[in-house]
Amino acid sequence: MTLKEFRAVFPGAIIGNVGYTQDTAEERIASGDVDLIAFGRPFITNPDLVERFRHGWPLEKFDDNHHWYTFGPTGYTTYPEHGKDVPEA
Ligand SMILES: Cc1cc2nc3c(=O)[nH]c(=O)nc-3n(C[C@H](O)[C@H](O)[C@H](O)COP(=O)(O)O)c2cc1C
């Protein structure tokens with residue numbers, strides 16, 4: 001079922017996700033297919049994701065996923081905000 005088809009039968013708010021960028025998220029919301037877009041991986045590597053979107057700051061890429069599903073903060077809370085130093089693990 002596509003989001004368009006889902007929209008036709010579901011009266012509640014629809015949240016899309018997986019692989020969106022700021023541009024594709026805004027396009028999807030503007031199309032009326034969804035009400036919101038959730039971000040996963042971009043938020044891990046960009047703790048200030050909303051501010052980066054707001055100001056057009058560059059995004060850190062999520063190309064290092066070997067810490068996912070492991071214990072400890074490394075790889076989760078060790079990405080810096082724009083223009084700041086890398087936080088200690
Ligand atoms: C480290 C990590 C853990 C995740 N854990 C879950 C989970 O427990 N349950 C779930 O439904 N989705 C989980 N997801 C998937 C995210 O909710 C989301 O669907 C996915 O990251 C795709 O969105 P994105 O392209 O913005 O990252 C996880 C994603 C990541 C990166």
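We count ligands from 1, going down the list as the structure has it; atoms in each ligand are counted the same way.
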About how many Å separate [atom2] of [Y] and [atom1] of [X], when rounded to the nearest 0.5 Å?
X	Y	atom1	atom2	result
D35	I14	CG	CD1	6.5 Å
R7	M1	CZ	CE	13.0 Å
L49	I44	CG	CD1	11.0 Å
T21	F53	OG1	CZ	7.5 Å
H67	Y76	NE2	OH	10.5 Å

request  = With sequence neighbours excluded, give me every salt bridge (charged side-chain N to carboxylate O under 4.0 Å, His left out) pair touching residues 40-49.
outcome  =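 Every salt bridge (charged side-chain N to carboxylate O under 4.0 Å, His left out) pair that includes a residue of residues 40-49, provided the two are not neighbours, is D48-R52.
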message = Filter on salt bridge (charged side-chain N to carboxylate O under 4.0 Å, His left out), then keep only pairs touching residues 11-30, sequence neighbours left out; what's left?
response = R28-D33
key: Nearest-option assignment for atom 16 (C) of ligand 1, heavy atoms, candidates I37, T45, N17, I44   = N17
task = Could you check which of A25, G19, G40 puts a non-hydrogen atom nearest to atom 26 (O) of ligand 1?
result = G40
Is there at least one protein heavy-atom neighbour under 4.0 Å from [atom]?
atom	value
atom 4 (C) of ligand 1	yes
atom 10 (C) of ligand 1	no
atom 14 (N) of ligand 1	no
atom 18 (C) of ligand 1	yes

query = How does Y76 reach ligand 1, by side chain, by backbone, by both or by neither, if only non-hydrogen atoms under 4.0 Å count?
reply = side chain
note = Ranked by distance from atom 6 (C) of ligand 1, the top protein heavy atom is Y69 OH, 5.0 Å
ask   = Hey, do the aromatic rings of F43 and F39 have their centres closer than 6.0 Å?
value =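 That pair fails the under 6.0 Å test.
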request  = Compute the shortest N/O to N/O distance between W68 and ligand 1 and return yes if it is under 3.5 Å, no if not.
outcome  =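 Such a contact does not occur with ligand 1.
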Interfacing atoms of ligand 1 (cut-off 4.0 Å, heavy-atom, P42) =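 Once the distances to P42 are compared, the set is 26 (O), 27 (O).
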key: ligand 1 atoms in contact with F39 (distance to a heavy atom under 4.0 Å)   =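 Once the distances to F39 are compared, the set is 26 (O).
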